[in-house]
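Written below as structure tokens is the structure these notes are about.
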Amino acid sequence: MSEFVAELIGTMILIIFGGGVVGGVVLKKSKAEGTGWVLITLGWGLAVAMGVYAVGNFTGAHINPAVTIGFAAAGEFPWAKVPMYVSAQMIGAFIGGVIVFLNYLPHWRETKDQGAKLAVFATDPAVRSPFSNLLSEMIGTFVLLLGLMFIGANEFTEGLNPLIVGALIAAIGMSLGGTTGYAINPARDLGPRIAHALLPIPGKGGSDWSYAWIPVAGPIIGGVYGAVFYQAIFLGNFSALFWILSGFIVILVIGATNIELKKNDSNQDELNNKIV
């Protein structure tokens, strides 16, 4: 199997299981309807594990552009292969979204909530605040790449690594994913979002393109920083990219915090005016 086909299939499997568990939880008249966030996070963790098991022997199973670009930025993967890997991941994610659509064919008609239909394919924030949402995606993917790096530095029983990586994904979802739905993977969000836009889903509504840049940019920035952070702090290889991203992240953190604090002050002023 070629590396292109392997990354395509691995990412397709990721979306079939990951998007599939969301469909089971949120779509009407599914037997899994309403089972909640814990099932979704476990489903995504197992989705990653199955994708890694499927194609890990062929490519290392990046199945995520943030992983591919992060590894390349850290010198762990050749930049020449990045466009091929990312293209395969995007196509695989799109195909996975189409398969999830086919699996739940009768349920789209039964589900009236347009947001629930989009959630099967793409992420959206619990509280829409662009800089904070971007920061959340960066943090989640930073932890992902850092975790992949230190998992790779340990020896496990043969065949156990994919399950450990799946547990990492579930942990990120449970601990950090409640803010944005934790895309932590540009292909995971953008590929199925394109599928949502193109597929004849009854009463689907819009694909929320105004938000779509965040689950692409956030994971890439956070993933690259996680990889170079590991190289710098764990291995002592401080690069110019590490310092540049560190400065950018400090500015983003200060800006996002100020925005949210101003919102809190504004809300408090409104409350005080109502009391008066």
Side-chain angles (χ1 to χ4, degrees), residues 11 14-27 30 32-48 51 63-67 89-90 93-94 96-97 100-101 104 111 113-145 147 165-197 201 204-223 226 256 260:
T11 313
L14 166 68
I15 300 302
I16 290 172
F17 285 123
V21 71
V22 177
V25 171
V26 306
L27 295 179
S30 159
E33 182 185 354
T35 44
W37 184 247
V38 172
L39 182 65
I40 288 174
T41 56
L42 289 175
W44 274 107
L46 290 171
V48 171
I63 61 177
N64 181 344
V67 172
Q89 292 154 2
M90 286 296 303
F94 175 84
V100 171
F101 162 72
Y104 288 104
T111 305
D113 185 346
Q114 294 178 347
K117 294 175 184 178
L118 178 59
V120 178
F121 297 89
T123 62
D124 71 305
V127 177
R128 192 169 292 255
S129 185
F131 288 109
S132 295
N133 301 151
L134 180 68
L135 185 60
S136 290
E137 285 292 335
M138 288 168 56
I139 291 171
T141 320
F142 168 83
V143 172
L144 170 62
L145 266 291
V165 173
L168 172 64
I169 298 297
I172 292 170
M174 291 179 183
S175 301
L176 303 171
T179 54
T180 61
Y182 78 119
I184 61 173
N185 182 340
R188 168 266 176 274
D189 190 274
L190 185 56
R193 194 184 296 269
I194 294 171
H196 175 273
I201 303 168
K204 65 181 177 181
S207 300
D208 196 10
W209 290 109
S210 64
Y211 178 77
W213 69 275
I214 290 174
V216 172
I220 290 174
I221 298 169
E260 297 305 322

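By the 4.5 Å heavy-atom criterion applied to side chains, Glu260 and Val127 are not counted as neighbours. With a 4.5 Å cut-off on side-chain heavy atoms, Asp124 and Leu118 do not count as touching. Side-chain atoms of Leu27 and Glu33, non-hydrogen and from C-beta on, never get closer than 4.5 Å to each other. With a 4.5 Å cut-off on side-chain heavy atoms, Phe101 and Ile201 count as touching. Between Asn64 and Gln89, every side-chain heavy-atom pair lies at or beyond the 4.5 Å cut-off. No side-chain heavy atom of Met90 sits less than 4.5 Å from a side-chain heavy atom of Thr11. Side-chain contact between Leu14 and Trp44 is present, with heavy atoms from C-beta onward closer than 4.5 Å.
The shortest heavy-atom contact between Val216 and Ala212 is CG2-O, 3.6 Å. Contact detail for Ile15 and Gly96: the closest heavy-atom pair is CG2-C, 3.6 Å. Minimum heavy-atom separation, Val21 to Ile40: CG1-O, 4.0 Å. Residues His196 and Ser207 come closest through the heavy atom pair ND1-OG, 2.8 Å. The minimum heavy-atom distance linking Asp189 with Ala183 is given by the pair CB-CB, 4.1 Å. Taking every heavy atom of both residues into account, Val22 and Val120 meet most closely at CG1-CA, 3.8 Å.
Between Ile221 atom CD1 and Phe142 atom CZ the span is 14.0 Å, to the nearest 0.5 Å. Between Leu46 atom CG and Leu42 atom CG the span is 6.5 Å, to the nearest 0.5 Å.
For the side chain to side chain contact (heavy atoms under 4.5 Å, CB included) test with Leu176, the passing option among Leu144, Ile184, Val143 is Val143; the others fail.
Listed for the Lys204 side chain is a donor-acceptor partner under 3.5 Å among the backbone atoms of Ala197. Although no hydrogens or angles enter the test, the distance criterion places a donor-acceptor pair under 3.5 Å between the side chain of Thr35 and the main chain of Ala32. Using modelled atom types, no side-chain atom of Arg193 and backbone atom of Trp209 make a donor-acceptor pair closer than 3.5 Å. The main-chain N or O of Ile214 is never found under 3.5 Å from a side-chain atom of Glu137 such that the two would form a donor-acceptor pair. Using a distance-only test at 3.5 Å, with no hydrogens or angles considered, no donor-acceptor pair links the side chain of Thr141 to the main chain of Gly223.
For Tyr104, the OH atom counts as densely surrounded, since its 6.0 Å shell holds more than 12 non-hydrogen atoms of other residues, nucleotides or ligands. In this structure, Tyr211 places its OH atom where more than 12 heavy-atom neighbours from other residues, nucleotides or ligands lie under 6.0 Å away.
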### Message
Determine whether Thr180 and Asn133 satisfy the following criterion, side chain to side chain donor-acceptor pair (under 3.5 Å), listing intermediate values before the conclusion.
### Response
CA-CA 6 Å; Thr180 61; Asn133 301 151; over 6 Å; no
